[in-house]
Structures are given as C-alpha cells and as structure tokens.
Number of protein chains: 2
Amino acid sequence: MNHQAIFKSFSQLTDIPELEWHYLKSKIKWHSVRKGDLLVQAGEVSDRIYFCHSGVFRMFYLKEDGDEFNKSFVQEGQFFTSYSSVISSIPSYFAIQALENAVVASFTYKVLLQLYERHHCWEVVGRKLIEQLYIKKETRERQLLLHSAEERYHLFLEEFPGLEDRITQYHIASYLGISPVSLSRIRGQLSCKSLI
Amino acid sequence: MNHQAIFKSFSQLTDIPELEWHYLKSKIKWHSVRKGDLLVQAGEVSDRIYFCHSGVFRMFYLKEDGDEFNKSFVQEGQFFTSYSSVISSIPSYFAIQALENAVVASFTYKVLLQLYERHHCWEVVGRKLIEQLYIKKETRERQLLLHSAEERYHLFLEEFPGLEDRITQYHIASYLGISPVSLSRIRGQLSCKSLI
DNA sequence: CCTAGAGATTAACCTATGTTAATGATAATG
DNA sequence: CATTATCATTAACATAGGTTAATCTCTAGG
C-alpha cells in the first residue's frame with residue numbers, strides 16, 4: 001500500500017527522521033471498508049487513529065429515540081478518530097461510518113504513545129494534530145451558536161467543497177442540525193433568489 | 001502571590017521537576033482584574049495563557065448586530081486562553097471578560113514554547129491541557145446538537161455548579177443559545193413541575 | 001424611608017423549524 | 001420497458017423559541 005499521502009500529512013507538521021518514519025510504517029495497518037460499514041461503534045472503546053486514503057466517512061451521534069446527528073465528515077487525506085475514547089479509554093459517544101467504499105490506514109494509540117517516548121518529533125506531531133482538531137471544534141461551535149441554518153449551509157459548502165454531490169441531503173441536514181425538509185426549503189429559496 | 005494552585009493543576013497532569021517548576025514560576029505574571037474588564041478583545045491577537053485564581057470569566061462571541069453569545073465560563077482553578085489566537089497568531093474570534101473582580105496568573109505562549117524545548121514534561125503538560133480543552137469542546141458540541149434548551153439548562157447546572165447564583169440569567173441564556181425570556185419560561189415551568 | 005435602576009417574570013404576538021404525508025424525479029433491477 | 005426503491009420537493013399543520021413591552025421584585029443610595 002502507498003504510504004506517501006500519510007507521510008506527507010505528517011511531515012507538514014514537523015520534520016520526521018527517516019528512521020522514525022520507517023518504524024511507524026511497520027506499525028500501520030490498511031483496511032478496505034464498504035459503504036455503510038462502521039469503523040467505530042457508539043458505546044465501544046476504540047484504540048485506533050485512522051487516515052482516510054479514499055472515500056467519505058461521517059461521525060455521528062445516535063439518540064435513544066433513533067435520531068442521528070452528524071458531527072463531522074472526513075474526506076481523503078485526513079486523520080480521524082474518536083479522540084476522547086482513544087485517549088481516555090472510555091466508550092465512544094459517537095460512531096464512524098463509511099458513506100462510500102473506502103480505504104483507510106490506521107495505527108493504535110499504544111503505538112502513538114511509544115512514538116512519544118521514542119523521539120521528540122512525535123510529541124510535536126501529536127500536539128499539532130490535536131491542536132488542529134481543537135480549532136475545528138471551536139469553529140464548529142461558533143457556527144452552531146452564531147449562524148442561522150441557512151448560513152450554516154453555506155459554511156458547509158465552503159468547508160466541504162464537492163461533498164454536497166457525494167452524500168445525501170439527509171446527511172447534510174443532520175450535520176446542520178435541521179431536518180431534510182427544512183434543508184430542502186432553504187435550497188428552494190436559494191435557487192429562487194438566484195433567478196432574480 | 002501564591003503559586004500553589006497552579007502547581008497543583010500542572011502536577012496532576014505529569015511530574016514536574018523542581019527545577020522546571022522554578023523556571024516557569026519566574027515567568028508567571030499576576031494580574032488583578034475588575035468586574036467588566038476585558039482580558040482579551042475580539043479581533044485582537046492574544047499571546048497569553050491564563051490561570052483563574054479567583055473570580056468568574058466569560059468567553060463570548062460578538063455579532064455585528066451587537067448580539068453576544070457566551071461560549072464558556074471559567075471559574076477558580078482553571079486554565080483558559082483564546083487558544084487558536086495564541087497558537088496561530090490570528091485575531092481572537094471571541095473576547096474574555098471578568099464577570100466578578102478577579103485575580104489571574106498568566107504566562108506567554110513564547111514561554112510555553114521554550115518549556116517544550118527545555119524538558120519533555122512540558123510537552124506532556126501541553127498535550128494534556130489541549131486534550132482537556134478538546135474534550136470540553138466535543139461535549140459542548142454534543143450538547144448543542146443533541147439537547148433541547150431545557151436539557152441544556154440542566155447540563156449547565158451540572159457543569160458549573162453554583163455559577164447560576166453568581167451570574168445573571170442574561171449570561172446563562174446567552175450560553176444556552178436562547179433569550180433570557182425563554183430561559184425564564186423554562187425556569188417557570190420547572191418550579192411548577194416541582195410543586196406537583 | 002423613599003426612589004431609581006437592574007434584573008426577572010409574564011403576556012401577546014410572530015417566525016422559523018419540525019412533523020407528517022403526498023407527490024415528483026431519478027436510477028437501479030427484473 | 002415496466003417496476004421498485006431511494007431521495008428530494010412541496011404543502012399543511014403544530015410547536016418551540018424570539019421579540020417587544022408591561023409589570024414585579026429587590027437592592028443600593030440619597
């Protein structure tokens with residue numbers, strides 16, 4: 001399997017010595033995932049960090065009454081994981097599901113902790129990755145608090161370009177925190193406006 | 001000034017050698033802040049990490065139309081900062097304001113970066129602090145997506161015990177993402193229910 | 001003790017979004 | 001080609017929460 005995309009993502013954060021990269025490479029597992037498969041189930045402790053090589057994933061909460069809320073999407077070239085489950089060994093609050101057939105790479109948190117002890121560069125990688133996750137979360141919180149459903153739809157289009165054609169409106173609406181019907185109304189209004 | 005509370009908070013995360021702690025202590029500044037004062041202004045780049053010794057702070061977004069949204073509160077014994085502003089040197093999206101007269105300690109991000117280079121323990125501290133912030137953000141996002149205004153009010157009472165008597169309903173409502181009038185309605189319904 | 005001001009409550013009305021259900025469009029399958 | 005399944009749209013109605021404004025309560029100052 002081709003490790004180059006992962007190496008590129010890591011080495012954008014800090015310099016990784018050849019020897020260190022070689023070690024990590026030996027610990028990476030590759031998985032093929034089919035559309036609909038769950039990589040992480042809600043309520044289950046997860047211990048792996050994933051890298052999306054191809055495909056689209058969603059991370060979603062499931063309410064007791066069956067309602068789902070998409071918290072985020074993952075596209076090619078991104079790391080993803082149920083971070084709080086992994087670092088605290090607690091059951092994941094959310095599930096991760098493939099919305100297309102996909103290929104992912106992964107390594108365990110145990111390996112990451114070993115890396116931290118092996119070489120300083122991995123501490124930098126770990127810190128910067130979590131910093132990026134934090135900034136994403138903060139952005140998301142700001143969007144939910146400050147913006148209307150219609151504004152959030154535009155922000156979604158900017159943040160996940162092209163994704164609106166790969167996933168259904170059900171999933172977009174669930175990300176925006178509104179019903180698919182409501183999203184359809186918003187889209188309807190938009191296309192009217194653009195006719196004027 | 002008394003550094004003990006800060007030391008305790010740090011050393012819960014990992015062992016800090018005496019020499020390292022001594023160095024950090026020399027870099028810490030103390031500030032007295034009066035009720036209403038802004039520690040960080042929206043649109044301004046911030047470079048300090050704060051520790052709340054006494055008092056209550058709010059972190060809030062300001063919309064163009066003057067609407068405010070409280071994103072979080074800080075009470076005694078907590079670290080706080082405009083993290084994305086500090087690490088990326090970008091203008092802070094939100095402001096930090098004292099809701100009571102307060103005393104805080106602070107050090108700069110530059111000092112934190114020096115610490116990272118000095119000793120491995122600080123990388124652990126930095127990573128664990130940001131991990132905690134991340135988990136808080138994730139919790140908040142889950143609350144905003146999954147719960148009704150009434151449920152979020154109960155979650156607020158659990159998460160910030162005692163705070164409901166220190167701040168006005170305006171600030172609580174702004175945290176919940178509803179109007180003060182709506183919060184009053186929720187509280188009204190609750191006290192009716194408890195009479196039955 | 002009286003008054004002014006801040007905050008909380010309550011009521012009346014309005015709007016955005018949810019829910020349900022019917023209808024349309026499109027693509028996959030026998 | 002006809003059929004079915006899936007997704008999107010639209011309409012009708014219900015409800016949560018927003019807005020405004022009047023009223024109430026409490027506290028601090030004069």
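Contacts between residues 160-170 of chain A and DNA chain C, counted as heavy-atom distances below 4.0 Å, involve no residue at all.
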So which protein N/O to nucleotides 17-21 of chain D N/O distances come out below 3.5 Å?
| unit_1 | atom_1 | unit_2 | atom_2 | d |
| --- | --- | --- | --- | --- |
| D:dG18 | OP1 | B:S179 | N | 3.2 |
| D:dG18 | OP2 | B:S179 | N | 3.1 |
| D:dG18 | OP2 | B:S179 | OG | 3.1 |
| D:dG18 | OP2 | B:S182 | OG | 3.2 |
| D:dG18 | N7 | B:R185 | NH2 | 2.7 |
| D:dG18 | O6 | B:R185 | NH1 | 3.2 |

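With respect to A:Y23, the side-chain hydrogen bond (donor to acceptor under 3.5 Å, both in side chains) criterion is satisfied by exactly one of A:E18, A:Q114, A:H119: A:Q114.
The aromatic rings of A:Y153 and A:F156 lie parallel to each other, with less than 30° between the two planes, well short of the 60° mark.
For A:F51 and A:W30, the ring centers sit 6.0 Å or farther from each other. Ring centroid separation for the pair A:F94 and A:F60 does not come in under the 6.0 Å cut-off. A distance of 6.0 Å or more separates the ring centres of B:Y61 and B:F69.
Salt bridge annotation for A:R140-B:E141: present, with a cationic side-chain nitrogen under 4.0 angstrom from a carboxylate oxygen. Taking a cutoff of 4.0 Å between a charged side-chain nitrogen and a carboxylate oxygen, B:R127 and A:E123 qualify as a salt bridge.
Between A:R187 and D:dT9 there is a side-chain polar atom (N or O) within less than 4.0 angstrom of OP1 or OP2.
As a member of the Ile/Leu/Val/Met/Phe/Trp/Tyr network built from side-chain separations under 4.5 Å, A:Y170 groups with nothing else and remains a singleton.
Between the CG atom of B:L176 and the C1' atom of D:dA16 there is a distance of 15 Å, rounded to whole Å.
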